[in-house]
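Since the structure is predicted, the reported quantities are computational estimates derived from the model, not experimental observations.
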Amino acid sequence: MRRISKIFFAIISFFVVQGYTLIQEDPNAIVGVWKTGDGNAMVRIYKNGEKFQGKIVWLKEPNDPETGKPKLDKNHSDEANRSRPIIGLVNVWGFSHKEKNIWDEGNIYDPKNGNTYSCTMKLVNANTLEVRGFIGVSLIGRTDTWTRQVAK
């Protein structure tokens, strides 16, 4: 009985490790809907040609409290873009899969302040994505942890 338990444990361990490895090696593993660390927005990441990008698909507070209308990109540096809605806005773009769980060479736009940052994303596990925005050097920046959302 003890030998059967060891064999069963070995088989289960093999499949768990293989499943984890497949997730990490899949360039499309970040595709899906992710909730931002503060829980105020969801971003759908998808492949566009050879690159990955994402757009805001949900906001906890979709309407501007001052106007009662959908929130607009009012902090954008280009005045022409200030009338575009935040929901549907592409806010991450240009990412390439670099190694097992890293997507790099992308940008992230923060509609809260109207700034664009260089960005890298790291898949910690199948449901956790670390998104690091920075200016110039990756050491000077901020990491936000996003959580995968299950399609309903």
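Checked by atom type and distance alone, the side chain of Arg132 pairs as donor or acceptor with a backbone atom of Leu139 at under 3.5 Å. One N or O on the side chain of Trp103 and one on the backbone of Pro27 form a donor-acceptor pair closer than 3.5 Å. Proximity of a side-chain donor or acceptor of Lys51 to a complementary backbone N or O of Trp93 within less than 3.5 Å is not detected. Between the side chain of Asn75 and the backbone N or O of Lys112, at least one donor-acceptor pair lies under 3.5 Å. Looking at Glu61, its side chain never comes within 3.5 Å of a backbone N or O of Leu59 through a donor-acceptor pair. Side chain of Asp73 to main chain of Arg82: no donor-acceptor pair is present (N/O by atom type, distance under 3.5 Å, no hydrogens or angles). The backbone N or O of Val131 lies less than 3.5 Å from no partner atom in the side chain of Arg142, so there is not a single donor-acceptor pair. Side chain of Trp34 to main chain of Ile30: a donor-acceptor pair is present (N/O by atom type, distance under 3.5 Å, no hydrogens or angles). Side-chain atoms of Ser96 never come within 3.5 Å of backbone atoms of Lys98 as a donor-acceptor pair (strictly under, hydrogens ignored). The main-chain N or O of Thr128 is found under 3.5 Å from a side-chain atom of Asn125 such that the two form a donor-acceptor pair.
When each of Leu72, Ile56, Asn81 is checked for a side chain to side chain contact (heavy atoms under 4.5 Å, CB included) with Pro111, only Ile56 meets the rule.
The shortest non-hydrogen separation linking Asn107 to Phe95 is O-CE1, 3.6 Å. The two residues Asn48 and Gln53 come nearest to each other via the heavy atoms ND2-OE1, 3.0 Å. Summarising the geometry of Gly133 relative to Ile108, their closest heavy-atom pair is CA-CG2, 4.3 Å, with the distance given to 0.1 Å. For Glu130 against Thr145, the heavy-atom pair with the smallest separation is CG-OG1, 4.2 Å. Residues Ile87 and Pro62 approach most closely at CD1-CB, 3.9 Å, considering heavy atoms.
Residue pairs meeting the ring-ring contact (aromatic ring centres under 6.0 Å, His included) criterion with at least one member in residues 122-141, sequence neighbours excluded, do not occur. Contacts classified as ring-ring contact (aromatic ring centres under 6.0 Å, His included) and involving residues 68-89 (residues at least two apart or in different chains) are given here: His76-Tyr109.
With hydrophobic clusters built from ILVMFWY side chains whose heavy atoms lie under 4.5 angstrom apart, Ile86 does not share a cluster with Trp58. Linking Ile, Leu, Val, Met, Phe, Trp and Tyr residues whenever their side-chain heavy atoms come within less than 4.5 Å leaves Val57 and Phe52 in two separate clusters. Both Val43 and Val31 are part of a single hydrophobic cluster, where members link through side-chain heavy atoms under 4.5 Å apart.
When side chains are defined from C-beta on, Leu129 does not count as touching Arg148, because their heavy atoms never get closer than 4.5 Å. Side-chain contact between Asp64 and Lys69 is absent, with no heavy-atom pair separated by less than 4.5 Å. Between Thr120 and Ile102, some side-chain heavy-atom pair lies under the 4.5 Å cut-off.
Crowding of Lys47 atom NZ: a count of heavy atoms from other residues, nucleotides or ligands under 6.0 Å exceeding 12.
To the nearest 0.5 Å, atoms CG (Asp110) and CG (Asn113) are separated by 4.0 Å. The line from SG of Cys119 to CD of Glu105 is 12.0 Å long, rounded to the nearest 0.5 Å.
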Chi angles and distances behind the side-chain contact (heavy atoms from CB on, under 4.5 Å) call for Ile45, Trp146: CA-CA 12 Å; Ile45 296 178; Trp146 293 7; 4.3 Å; yes

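Classification of Lys122 and Asp104 as a salt-bridged pair fails, no side-chain N sitting under 4.0 Å from a carboxylate O.
By the salt bridge (Lys or Arg N to Asp or Glu O under 4.0 Å) test, Asp144 is found to be paired with no residue, residues two or more places apart in sequence or in another chain being considered.
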